[in-house]
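Ligands are counted one by one from 1 in listed order, and the atoms in each one are counted from 1 as well.
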Amino acid sequence: MKNIDITSHVRGESVYVDDIPVRTGTLYGAVFDSPMPHGVLRDPDVSDAGQMAGVIRVVTAKDIPGENQIGIVVDDEPLFAEKVVHYVGQPIALVLAESESRAMAAARKIRVDIDPLPVIIDPREASKKGALIGKPRTFSLGNIDQAWETCDHVFEGVAESGGQEHLYIETQGSYAYRTENGGIRIFSSNQSPTVVQKTVARVLDVPMHKVEVDVRRLGGGFGGKESQGTVWAVMAALGAYITKRAVKLVLHRLDDLRMTGKRHPYSSDFKIGLTEDLEIVAYEVSFYQNAGAFTDLSPAVLERTLFHATGSYFVPNVRATAAGCRTNLPPNTAMRGFGGPQGMFVMEAAIAKAAEALGVDASTIQKKNLLREGDAFPYGQKTERCQAVNCWTEVEERCDIDALREEVATFNADNRLFKKGIAFMPVCFGISFTKIHMNQAGALVHIYQDGSVGVSTGATEMGQGVNTKMAQVAAQVLSVSPDRIKIETTNTTRVANTSPTAASASADMNGKAVEKAGLALSGRLKRFAAKELGHPESGASAWIEIRNEQVYDRGVKTDLAWNDLVMGAYLARVDLTEHAYYATPGIHFDTDTEKGCPFAYHVYGTAVTVATVDCLRGTYEIDAVHVVHDFGKSMNPLIDRGQAEGGILQGIGWMTMEELRYSEEGRLLSNTLSTYKIPDISSTPREMNIHFLETAGSPLAILKSKAIGEPPLMYGIGAYFAIRNAIRAARQDKALPLSAPITPERVLLSLYDTPQRATGSE
Ligand code: MTE
Ligand code: MOS
């Protein structure tokens, strides 16, 4: 089935926040943010700005009726800075004016006095100074201290991975207005409607029932609107509350780039121990997470780094420690993979380091140590229906690895200025929110009198196709045509207390709720049909089936069609609405022992990446990415393939060309789309072969179709090592840092001992 939004997207008719027709008297917001990374803030002087033509109000912390607090995990983040600023880009005031240009012009007139305080942007420095967010955590397995003695080889090193801008196409934005009796309605580009509802209630000091949050769709979120979409929604709501006028706040791209947090950069130390025959016996790792100025979601991201510290491998002795480090950068946040990619990168770096030192191909070590059925992760859970080896051997076969290796070796022998490299990247990703209580979802399904169906869930559509999947589930359980199904907006008054659309788990959890609601409704309809067909006895509904909009009685097609069935049921006063609730069963985790069974299941796969490096220019191309991925029983191969391809490309971008640079004062230097480059069509792999490994799936996956949103991103790590291997084909003798992204500049610097010509710049 095609994505249900496809036609309106192509026609440009899909509605995003900026497309919502504004009400008469709407005000436009512009945010004034801190020009300094750290310092004591004197009372901002907003008088000039407030007197400008068209300006209605300048809102600061003093105007907040409730709490000046928007922290999602820990209460450490004000909506507007009050006494101290902690990063360049931290909001200080909101100007509300009759046009956007007037609001922006006025914001430029605001003056602030800030007495500078020391600035930290490096996580290791923060850690040394004790600037930590929460306590460091350690996951362990076996006995690491004894294990080193049994190792024949031990290698140590440092690995660095950079941040990543989400670059959703729709920037952050919300539109809010007051409703009667002090209520407020907010339209937001947001993954977390309930978080917005709760935070607005807190900031305005009103009960949650006064606040309605509605999300039609997002023009991309990628984690960047899980916690950080809230800020702008709360500001719009606050502005509307104070002025009693509608307020629209949509960030311009450059403001969005400067003010919002990104994927966490990590700096890590690793130590890996192997036996003579390349079994990994011991692995120790310390992660320094650059969390930025406020807690945001950093502890949860950090936790997932620990969950995925050993990647797709079984290691019997592990000690993984992680610390969230507070720095003067915008609070870093959720981004596709949620700390998992950062953890896996270090494991792969350690294997690469060992392989290079031992003179073997990294894939030999990787393959040897893949997870097998029943292996334990450091967090206690054991693999079930493990597909790590299957995916690996299947992709070897599909890409004809021996021939490919041969081809690359010949190419490298024949070419001096171009070199090719190959890398394997196995992925094992756990599905569920690691905060157990978040694994719940709800759905509200109405069957209308004409047989059409309206479905509301807690999931938000951000391009990942969750609404299409919800329509499929409803159509399948009710056995009606998908044309009958409408997916409503995600609205806090229809489905309450929702978890963010995140952790790749939305289709599973909300889909299970839709399934339950659909089953309840069809059960009711079958009981009614049984009576209609002359079977009043209880239990007779078991004889009834609804198949393709037609009622069957003991396997025989009857004259009763869906429309008449529904209308008849309505007239007989059968309730045609159902709310259903789903909570993922069987998962638990104890943070005292750091053991449990936190994931409903794992998703597996392996990618083989081939890259060509131009050794004269330092540029590179990704020739091919061959993937065998465990989709379970994909309920929508078109959408799932799109998720896989998009994820891979985003992962390649993170590892190769996307480089976030900050000045020493924490000012974002890569602050435009000309200095921050994401993959475009010409940097897309020439070939992307994604093979669907059809497996039994998992009973906890919706219709056995496994979660797909995040796991493929981590195949992108293969691009880093393929490029590295190509560089090594040119310069075997040179020690290379394990530092991502591997930009063309870095490639060039790693190929030559001194820059070819001193240009004055780096
Ligand atoms: N795909 C598109 N097109 N746009 C997005 O913003 N977000 C990703 C992924 N795929 C995203 C996307 C992230 S970070 C997550 S967690 C999942 O989608 C969330 O949706 P799901 O739970 O329905 O997979
Ligand atoms: Mo995705 S990073 O869990 O929103």
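- Y720 and T656 form no side-chain donor-acceptor contact under 3.5 Å, judged by distance and modelled atom types alone.
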Which pairs of N or O atoms, one from ligand 1 and one from the protein, are separated by less than 3.5 Å, and what is the distance for each pair?
unit_1, atom_1, unit_2, atom_2, d
ligand 1, 1 (N), Q643, NE2, 3.0
ligand 1, 3 (N), G463, O, 3.3
ligand 1, 4 (N), M462, O, 2.9
ligand 1, 6 (O), G221, N, 2.7
ligand 1, 6 (O), F222, N, 2.9
ligand 1, 10 (N), R336, NH2, 3.3
ligand 1, 10 (N), Q643, OE1, 2.7
ligand 1, 20 (O), Q464, NE2, 3.1
ligand 1, 22 (O), A505, N, 3.3
ligand 1, 22 (O), S506, N, 2.9
ligand 1, 22 (O), S506, OG, 2.5
ligand 1, 23 (O), Q464, NE2, 3.2

Nitrogen or oxygen contacts under 3.5 Å, ligand 2 side and protein side:
unit_1, atom_1, unit_2, atom_2, d
ligand 2, 3 (O), A503, N, 2.7
ligand 2, 3 (O), E710, OE2, 3.3
ligand 2, 4 (O), Q191, NE2, 2.8
ligand 2, 4 (O), G223, N, 3.4

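- The ring-ring contact (aromatic ring centres under 6.0 Å, His included) contacts involving residues 687-707 comprise F631-F692, where partners must be two or more places apart or lie in separate chains.
- Contact record, Q387 with D630: CG-OD2, 3.6 Å, taken as the closest heavy-atom pair.
- When side chains are defined from C-beta on, I431 does not count as touching H602, because their heavy atoms never get closer than 4.5 Å.
- Using a cut-off of 4.0 Å between Lys/Arg side-chain N and Asp/Glu carboxylate O, D76 and R326 are scored as salt-bridged.
- There is a side-chain donor-acceptor pair under 3.5 Å between Q164 and E658.
- Applying the ring pair (Phe, Tyr, Trp, His ring centres under 6.0 Å) test to F294 and every residue at least two apart in sequence or in another chain returns H86.
- When each of V196, T489, T199 is checked for a side-chain contact (heavy atoms from CB on, under 4.5 Å) with V213, only V196 meets the rule.
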task = Could you please spell out the steps behind the side-chain hydrogen bond (donor to acceptor under 3.5 Å, both in side chains) verdict for E659 and Y676?
result = CA-CA 6 Å; E659 187 179 31; Y676 186 79; over 6 Å; no
